[in-house]
Each structure stands twice: as C-alpha cells, then as structure tokens.
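Worth saying up front: this structure is predicted, and the values here are computed from it rather than measured. Just so you know, these numbers use all the heavy atoms, side chains as well, and skip hydrogens, waters and symmetry mates.
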Amino acid sequence: MKRATPRLTQWVETRAANLGGISVLSSSPALVWAHGLGGCCDSDEARGMGSILDPAKLGRTILRLDLRGHGRSKSAHDNDSSSMVHQYTWSQLAKDMRKAAADSVSRSFYGGEALGAAVALEAAVAAQATRSIDAPPGLVLMRPPLMLAQVAKHGSVDAKHLQEFLQIAHLVEAEGFDSLEQAEAEDSTPFLNGADAAFCSVTKKELQQFRRAMDEDAFAAALRGYAASEQLGKELAIRFKEGLVNSPLSMAADAYGVPLTPGCPVLLLAVNGDDHHPVEAAEELAKLLPNAELEVADNLQHAKSTWATRISSFLRKAWMKEFLTKRVMPQ
C-alpha cells in the first residue's frame with residue numbers, strides 16, 4: 001500500500017489588532033507566539049520554526065505575530081520621534097501582543113523566542129497583575145534573553161551587553177544595514193536579531209534579507225527599546241514571582257498527574273552552545289520562577305526533533321491545571 005503524503009501546514013496571513021502575522025485555526029486555547037528582535041514569521045519559517053510550532057503537533061490554534069515594525073507589522077511603527085524608542089520596550093510590545101490576542105482568539109497561552117520570550121512574560125505579568133481574563137494558563141519561553149536572566153540574578157545588566165545593542169543601533173542609524181552586515185561578516189558584531197539559531201539549513205545572508213524588510217530607523221529604535229527595557233527587566237521577574245505567590249491555591253491536591261501549585265506554569269527551552277541565549281539564562285529564570293520547567297536540548301537538531309512534543313505535553317497539563325483549579329474549562 002502506498003504511504004500517504006503528509007499534508008503540509010497551510011499558514012494563513014492574519015491581521016490581529018494593529019499587528020500582522022500568520023495563523024492556523026484548530027482547538028482552543030490557542031498559543032500566541034512572538035519572534036526575536038529583527039525577525040519575523042517568515043524568517044522563523046526559513047529557520048525551521050514551523051516544525052516546532054506546528055498546529056498538528058501542538059493540537060491547537062497557533063497565532064504567530066510579527067512584532068511592531070517587523071514583517072507584516074511594519075505599518076505599526078510610529079514615526080513620532082517622542083515615542084520612537086518607547087514603542088519598542090518590552091512593556092509596549094506586550095500591550096500589542098495582548099491586544100492582538102484579544103482581537104483574534106479567546107483564551108490563549110503566550111509564548112515567544114528571545115525578545116519574544118521577554119514580551120510574552122511581560123504580557124503575562126501585566127494580565128496577572130490585574131487578574132485579567134486574558135491571563136494565560138501557561139507560558140512557553142524559548143531561548144530567553146540574557147538580559148532578563150542577568151537582572152533576575154544580579155538586579156542589573158552587564159554594561160557591555162547593553163552597549164552592544166546601542167552601538168549597533170548607532171551603526172544602523174549612521175550607515176545603514178550594509179555596514180551592519182559587513183561587521184557581522186567580520187564577526188566584529190554579533191548577529192543580534194534573535195534569529196541566529198537555525199533549526200534547518202538556512203544562510204545568514206537569507207536571514208539578513210528578511211531583516212532588511214524592516215525600516216532602518218525602526219530596527220535601530222527596536223534595539224534602543226530593547227536596551228531601555230533594562231529597568232523593566234529588573235522588575236519583571238520579581239513581579240511575576242509575586243503574582244505566583246499571591247495566586248489562590250486550589251482545593252484539590254495533585255490530581256491527574258498535574259501539580260496544582262499556585263500561578264501560571266512556565267516552560268523554559270534552551271539549547272547547549274547558544275552563545276547569545278545561553279542555557280545559564282534559562283537556568284537563572286527557572287530558579288526564580290517557582291512554577292517553571294526547564295528543557296535543555298543537546299543541539300538545534302535535537303531541539304527541532306523534541307520541542308514540539310515537549311511543548312504539546314506542557315500545554316495539555318497547563319490546560320488541565322486551569323480546569324482543576326478554577327473548575328472552568330478554558331475558553
């Protein structure tokens with residue numbers, strides 16, 4: 001008997017509030033996802049992220065957003081100089097994410113990679129602080145940024161790390177993407193678009209072309225907004241931890257193999273040998289967040305082959321926990 005050819009996932013272009021992206025409709029709750037700095041849904045597809053965020057594997061609706069100024073959300077960039085940088089801070093990007101989720105899906109998990117992980121965490125903290133209906137039943141933080149881990153551990157960010165972002169912003173403002181790509185080719189400047197980890201065969205040149213879809217001033221503002229989020233990062237993990245501690249306990253004990261600890265479950269994903277988003281960053285966050293699970297892949301191919309299954313299992317447990325603690329099926 002001839003084996004059937006697997007049906008490829010057909011992502012559909014989507015508008016969600018002021019953001020663009022791609023999505024596939026399936027079961028609820030959805031997973032709303034954000035990419036890394038300078039990336040977009042299309043560059044993530046080129047990197048092989050589609051095989052990890054495959055709706056068929058995860059068993060639910062997936063909404064993948066292009067952050068403000070990136071990809072299909074290029075038009076969301078505000079050219080007003082007074083808000084140029086502020087619009088790219090983690091808190092502002094998180095507001096965009098929450099609005100887009102509310103506009104497109106009902107209840108949803110939040111997740112993201114690199115910058116997107118910080119944005120997803122900020123969105124969850126903001127929703128949790130007000131006990132909002134959009135507070136996610138679970139979080140997936142892939143390759144969380146070093147800055148977030150540094151503030152979690154030390155209360156501050158290494159000045160050299162911050163300066164890298166500001167120097168690249170200045171370079172792009174003064175000389176454009178050509179000079180940045182030349183510096184990247186000489187390895188004198190790290191590839192800081194959050195999309196340097198390729199889960200399949202793709203060249204740096206191809207990823208740089210996706211980044212060039214951004215306006216240069218928007219990319220520079222995104223870098224400066226990232227650096228300006230240092231103070232927000234100092235408060236973010238602490239606020240999240242406090243939210244977990246203050247969350248109501250369930251009347252039930254551990255049931256159905258689902259630990260009913262307070263608050264929002266978190267899955268942290270990291271890859272050995274990832275210089276810009278090191279395992280240590282995820283480890284520090286796992287120590288700080290009392291309801292976190294940490295999964296470390298041996299390499300990118302190991303991540304590609306295992307993370308979809310791991311995410312799917314985590315989301316199912318988080319969904320069940322939501323039901324057992326609140327006695328209400330997530331909508």
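In this structure Ser179 satisfies the side chain to side chain contact (heavy atoms under 4.5 Å, CB included) test together with Leu171, Glu175, sequence neighbours excluded. Ser27 is linked by a side chain to side chain contact (heavy atoms under 4.5 Å, CB included) to nothing, counting only residues two or more places apart in sequence or in another chain. Partners of Lys205 under the salt bridge (Lys or Arg N to Asp or Glu O under 4.0 Å) rule, at least two apart in sequence or in another chain, are Glu181. Evaluation of the salt bridge (Lys or Arg N to Asp or Glu O under 4.0 Å) rule for Asp54 yields no partner, not counting sequence neighbours. The side chain to side chain contact (heavy atoms under 4.5 Å, CB included) search around Ser26 returns Thr61, not counting sequence neighbours. With sequence neighbours excluded, the residues that form a side chain to side chain contact (heavy atoms under 4.5 Å, CB included) with His302 are Ala297, Asp298, Asn299, Ser305, Thr306. The salt bridge (Lys or Arg N to Asp or Glu O under 4.0 Å) search around Asp178 returns Arg212, not counting sequence neighbours. Remark: Asp134 engages Arg98 in a salt bridge (Lys or Arg N to Asp or Glu O under 4.0 Å) (not counting sequence neighbours).
Looking at heavy atoms from C-beta onward, Ser83 lies in side-chain contact with Asp80 at the 4.5 angstrom threshold. Contact annotation: the side chain of Ser73 never approaches that of Arg68 to less than 4.5 Å [non-hydrogen atoms, C-beta and beyond]. Side-chain atoms of Met97 and Leu67, non-hydrogen and from C-beta on, never get closer than 4.5 Å to each other. The shortest distance between side-chain heavy atoms of Leu93 and Tyr88 falls below 4.5 Å. Contact of the Phe210 side chain with the His70 side chain is not registered, since no non-hydrogen atoms from C-beta on lie closer than 4.5 Å. Using a 4.5 Å heavy-atom cutoff, the side chains of Pro29 and Trp319 are in contact. Within the 4.5 Å cutoff, the side chain of Leu268 has heavy atoms near those of the Pro144 side chain. Two residues are said to be in side-chain contact when any heavy atoms from C-beta on lie closer than 4.5 Å; Val279 and Val271 fail this criterion.
The shortest non-hydrogen separation linking Gly48 to Cys200 is N-SG, 3.5 Å. Across Thr89 and Ser229, no two heavy atoms sit closer than the pair CA-OG, 3.4 Å. Closest of all the heavy-atom pairs between Leu269 and Val140 is CD1-CG1, 3.9 Å. Closest non-hydrogen pair, Thr130 versus Ala126, comes out as OG1-O, 3.5 Å. Between Leu65 and His35, the shortest heavy-atom distance links the atoms O-CD2, 3.2 Å. In terms of heavy-atom proximity, Ser104 sits nearest to Leu63 at CB-CD2, 3.9 Å.
Note on Leu300: it clusters hydrophobically with Leu267, by side-chain heavy-atom contacts below 4.5 Å among ILVMFWY residues. Hydrophobic cluster membership is shared by Leu285 and Val296, with clusters built from Ile, Leu, Val, Met, Phe, Trp and Tyr side chains linked at under 4.5 angstrom. Hydrophobic clustering (ILVMFWY, side-chain heavy atoms < 4.5 Å, transitive): Leu294 and Val266 are in one cluster. Leu162 and Val85 fall into different hydrophobic clusters, where Ile, Leu, Val, Met, Phe, Trp and Tyr are joined by side-chain heavy atoms under 4.5 Å apart, directly or via other members.
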Anything under 3.5 Å between a donor and an acceptor, one on a side chain of residues 18-25, the other on a protein residue two or more places apart or in another chain? List them.
residue, atom, partner, partner atom, Å
Ser23, OG, Thr14, OG1, 2.6

Ignoring hydrogens and angles, write down the donor-acceptor pairs under 3.5 Å from the side chains of residues 213-228, residues two or more places apart or on other chains.
residue, atom, partner, partner atom, Å
Asp215, OD1, Lys74, NZ, 3.3
Glu216, OE2, Phe177, N, 3.1
Arg224, NE, Glu173, OE2, 3.1
Arg224, NH2, Glu173, OE1, 2.8

Going by atom type alone, with no hydrogens or angles, which donor-acceptor pairs under 3.5 Å involve a side-chain atom of residues 114-121 and a protein atom two or more places apart or on another chain?
none

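Distance alone, capped at 3.5 Å, is enough to place a donor-acceptor pair between the Gln150 side chain and the Asp158 backbone. Between the side chain of Asp66 and the backbone N or O of Cys40 there is no donor-acceptor pair closer than 3.5 Å. The backbone N or O of Ile311 sits nowhere less than 3.5 Å from a side-chain atom of Arg316 that would complete a donor-acceptor pair.
With values rounded to the nearest 0.5 angstrom, Leu315 atom CG is found 10.0 Å from Leu139 atom CG. Considering SG of Cys41 and CH2 of Trp11, their distance stands at 8.5 Å, rounded to 0.5 Å. One finds the CD atom of Glu322 at 9.0 Å from the SG atom of Cys264 (value rounded to the nearest 0.5 Å). Separating the NE2 atom in His277 from the CZ atom in Arg143 is a distance of 5.0 Å, to the nearest 0.5 Å. Note that CD of Gln167 and CG of Leu180 are 12.0 Å apart. Values are rounded to the nearest 0.5 Å. Atom CH2 of Trp33 and atom CD of Glu113 lie 6.5 Å apart (nearest 0.5 Å).
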Item to check | Trace of the salt bridge (charged side-chain N to carboxylate O under 4.0 Å, His left out) decision for Arg211 with Glu184 | outcome: CA-CA 13 Å; Arg211 186 176 60 191; Glu184 289 171 339; 2.9 Å; yes
Checklist entry - Yes or no on side-chain contact (heavy atoms from CB on, under 4.5 Å) for Lys317 and Met320, after CA distance, side-chain angles and deciding distance? => result CA-CA 5 Å; Lys317 285 187 177 181; Met320 179 60 74; 5.7 Å; no
Checklist entry - Checking side-chain contact (heavy atoms from CB on, under 4.5 Å) for the pair Phe199/Trp307: CA distance, chi angles, key distance, verdict? => result CA-CA 11 Å; Phe199 300 95; Trp307 277 1; 4.2 Å; yes
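Between Lys95 and Glu122, no side-chain nitrogen of the basic residue sits less than 4.0 Å from a carboxylate oxygen of the acidic one, so the salt-bridge criterion is not met. Taking 4.0 Å as the cut-off between side-chain N and carboxylate O, Glu206 and Arg47 do not count as a salt-bridged pair. Salt bridge status for Arg72 with Asp42: present, with a side-chain N to carboxylate O gap under 4.0 Å.
Judged as a salt bridge (Lys or Arg N to Asp or Glu O under 4.0 Å), the pairs with a partner in residues 56-65 (not counting sequence neighbours) are, in order, Glu45-Arg64.
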